[in-house]
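Residues: numbered from 1 along the sequence shown.
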Amino acid sequence: MVLLRRTALLRLLLLAAMLALLLFVSSFWLPQGGISECGSAWQPCLSFYRLQPEPPSVPTGRAGAGEAPPLIKECPGQSFQARRLLRHLKSSLTDADDVLLEPYLQSWDQLLNFMESLGTMVSFFSQKVKEKVVLIRRLTLKNSTEAHGKRGPSDSSRLQPPASFGLKTGAYRSVRSMVGAELKAGVVDFFERTDSGCRTLLRLHRSLLWVKLMLEGLTDGPDADGRYKTPGELGRDAYRVALAPHHPWMLRQAAEVVFLALPDRQYFLQLVCVQSQEEATPVLHVIIDALTLVHTQTQTILAEHGMLELP
């Protein structure tokens, strides 16, 4: 009996320590601010002071294959914009059979705004995603600089923003071109961890599945008792499918704590600039469809080269 009590106490202390660690680490990534800063990329609006966007006029049905998608407007006062996310996702698929990296990473810029809007706890994970986006852009810049030699990029290239430099042409123009170039250069290791673009993309790919599954959950109706799943439950369920199988035990336990801190469902609806579940469902379906196309195409390319389990 004494042993059981000690074991239970140790588990409680371990969970408390993980929560304290998450709060401590996250405090370095999100600065403090007042209500006036609510809605920025670094200052989330929790349920006690919400954004008040004007809801768009959205049809209640899901758009068919030949129909125009529901109207998604710019949502004033917040960093995440569903309209921009949708535009980048669609732009990444303009090449048949491939995924263009520049709009793909721009999609992640918007998704990071989405994640960081969910509060300090989620920033523990969003920071890791941001590091991967930055790494691919650094690899792109390095490759482009080497391709231009010591002369550096041309004058026209210097006019491009650093985030897009090298992504419009060259080895890192698309997922297929990056995979081919890194395999040829021998920088992809199938047995040891490396900072290759392919391995980094695989981590983003898994996180994209988490976002997609969570948004799908937000479109589900209530259960038999009329109850909707909370965003915390949806985030946890999506995490267990998309990310938990690839994470160590300690991180899985920490994730359980993070999802308890997610805002309520109404806050998520306001992030896509709607006020009700009826308005949100068709808007979310359009975003989910685009996420699915990008995820499926990326999955196909990685699977063709046996890269779905890179260490």
Side-chain angles (χ1 to χ4, degrees), residues 58 62-63 65 69-70 72 75 79-94 98-101 103-118 122 125-126 128-130 132-133 136 175 200-221 228-247 252 255 258-259 262-263 265 267-274 277 279-303 307-309:
V58 181
R62 183 175 181 179
I72 303 179
C75 198
S79 56
F80 170 70
Q81 296 293 338
R83 186 181 183 89
R84 298 178 195 174
L85 170 61
L86 185 61
R87 182 172 68 246
H88 296 320
L89 289 170
K90 289 184 175 181
S91 296
S92 70
L93 294 169
T94 53
D98 207 348
V99 177
L100 299 179
L101 274 176
Y104 177 84
L105 295 179
Q106 288 173 331
S107 300
W108 268 111
D109 291 336
Q110 280 300 311
L111 289 172
L112 281 166
N113 288 340
F114 172 79
M115 295 172 70
E116 289 168 350
S117 296
L118 303 182
V122 180
F125 293 101
S126 66
K128 300 301 180 185
V129 173
K130 182 181 293 186
K132 292 170 176 57
V133 172
I136 292 181
V175 173
T200 305
L201 177 70
L202 176 61
R203 271 59 187 176
L204 291 176
H205 177 66
R206 292 169 178 169
S207 296
L208 194 72
L209 178 60
W210 173 75
V211 174
K212 184 178 86 75
L213 293 176
M214 184 175 180
L215 294 181
E216 286 177 347
L218 286 172
T219 67
D220 291 340
Y228 287 94
K229 277 193 173 183
T230 67
E233 292 170 326
L234 296 174
R236 179 200 61 203
D237 293 345
Y239 173 82
R240 289 174 176 175
V241 172
L243 295 171
H246 312 287
H247 285 172
R252 294 198 302 270
V258 167
F259 295 126
L262 288 184
R265 179 178 285 257
Y267 178 76
F268 278 79
L269 300 187
Q270 290 181 345
L271 282 178
V272 293
C273 221
V274 298
Q277 184 67 42
E279 289 180 314
T281 298
V283 172
L284 289 174
H285 273 308
V286 173
I287 298 172
I288 291 166
D289 287 346
L291 286 170
T292 301
L293 289 173
V294 173
H295 185 271
T296 300
Q297 188 57 56
T298 307
Q299 176 93 359
T300 298
I301 298 170
L302 293 175
M307 292 185 174
L308 292 177
E309 296 297 332

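- The line from CG of L201 to CG of L302 is 5.5 Å long, rounded to the nearest 0.5 Å.
- With sequence neighbours excluded, the residues satisfying side-chain contact (heavy atoms from CB on, under 4.5 Å) with R203 are K132, R199, R206, L310.
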Can you list the steps and then say if D237 with K229 is a side chain to side chain contact (heavy atoms under 4.5 Å, CB included)?
CA-CA 10 Å; D237 293 345; K229 277 193 173 183; 2.8 Å; yes

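- Within the 4.5 Å cutoff, the side chain of T298 has no heavy atoms near those of the L204 side chain.
- Taken from CG in L271 to SG in C75, the straight-line distance is 8.0 Å, to the nearest 0.5 Å.
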Could you walk me through whether D109 and R84 pass salt bridge (Lys or Arg N to Asp or Glu O under 4.0 Å), step by step?
CA-CA 10 Å; D109 291 336; R84 298 178 195 174; over 6 Å; no

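- In this structure, the side-chain contact (heavy atoms from CB on, under 4.5 Å) partners of Q299, at least two apart in sequence or on a different chain, are H205, H295, L308.
- Rounded to the nearest 0.5 Å, atoms CD (E116) and OG (S79) are 7.5 Å apart.
- Listed by chain and number, the residues in a salt bridge (Lys or Arg N to Asp or Glu O under 4.0 Å) with K212 are E216 (sequence neighbours excluded).
- Residues meeting the side-chain contact (heavy atoms from CB on, under 4.5 Å) test with S207, sequence neighbours left out: W108, V129, L243.
- By the side-chain contact (heavy atoms from CB on, under 4.5 Å) test, A82 pairs with I72, F80, V272, I287, sequence neighbours left out.
- Scanning all heavy atoms of the two residues, the minimum distance from L269 to A280 falls at CD2-CB, 3.4 Å.
- Judged purely by atom type and a 3.5 angstrom limit, E233 uses its side chain to pair as donor or acceptor with the backbone of T230.
- For the pair M214/P231, a side-chain contact is recorded, criterion being any heavy-atom separation below 4.5 Å from C-beta on.
- L213 and A238 get closest at one heavy-atom pair: CB-CB, 3.6 Å.
- The side-chain heavy atoms of R87 and Q106, taken from C-beta on, include no pair separated by under 4.5 Å.
- Residues forming a side-chain hydrogen bond (donor to acceptor under 3.5 Å, both in side chains) with Q277 (at least two apart in sequence, or on another chain): R265, T281.
- Here the NE2-CG distance, from H285 to L215, works out to 11.0 Å after rounding to the nearest 0.5 Å.
- Rounding to the nearest 0.5 Å places CD1 of I288 at 12.0 Å from CG of L293.
- Two residues are said to be in side-chain contact when any heavy atoms from C-beta on lie closer than 4.5 Å; M307 and L202 fail this criterion.
- Residues T94 and S91 share a closest heavy-atom pair of OG1-O, 3.1 Å.
- With sequence neighbours excluded, no residue satisfies salt bridge (Lys or Arg N to Asp or Glu O under 4.0 Å) with D220.
- In this structure, R252 has no side-chain hydrogen bond (donor to acceptor under 3.5 Å, both in side chains) partners at least two apart in sequence or on a different chain.
- Between S126 and M115, the shortest heavy-atom contact is CA-CE, 3.8 Å.
- Legend: residues meeting ring pair (Phe, Tyr, Trp, His ring centres under 6.0 Å) with H88, ordered by chain and number and at least two apart, are absent.
- Taking all atoms of both residues into account, the shortest heavy-atom contact from I301 to V99 is CD1-N, 4.3 Å.
- With sequence neighbours left out, H247 forms a ring pair (Phe, Tyr, Trp, His ring centres under 6.0 Å) with Y239.
- The structure places CD1 of I136 at 7.0 Å from OH of Y104, a figure rounded to the nearest 0.5 Å.
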Let's go through L111 and L208 carefully: what are the C-alpha distance in whole Å and the side-chain angles of both, what is the deciding distance for side chain to side chain contact (heavy atoms under 4.5 Å, CB included) to 0.1 Å, and is it a yes or a no?
CA-CA 9 Å; L111 289 172; L208 194 72; 3.6 Å; yes

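- Residues L118 and F268 meet the side-chain proximity criterion, which asks for heavy atoms closer than 4.5 Å.
- Looking only at side-chain heavy atoms (C-beta outward), Y267 and S117 come within less than 4.5 Å of each other.
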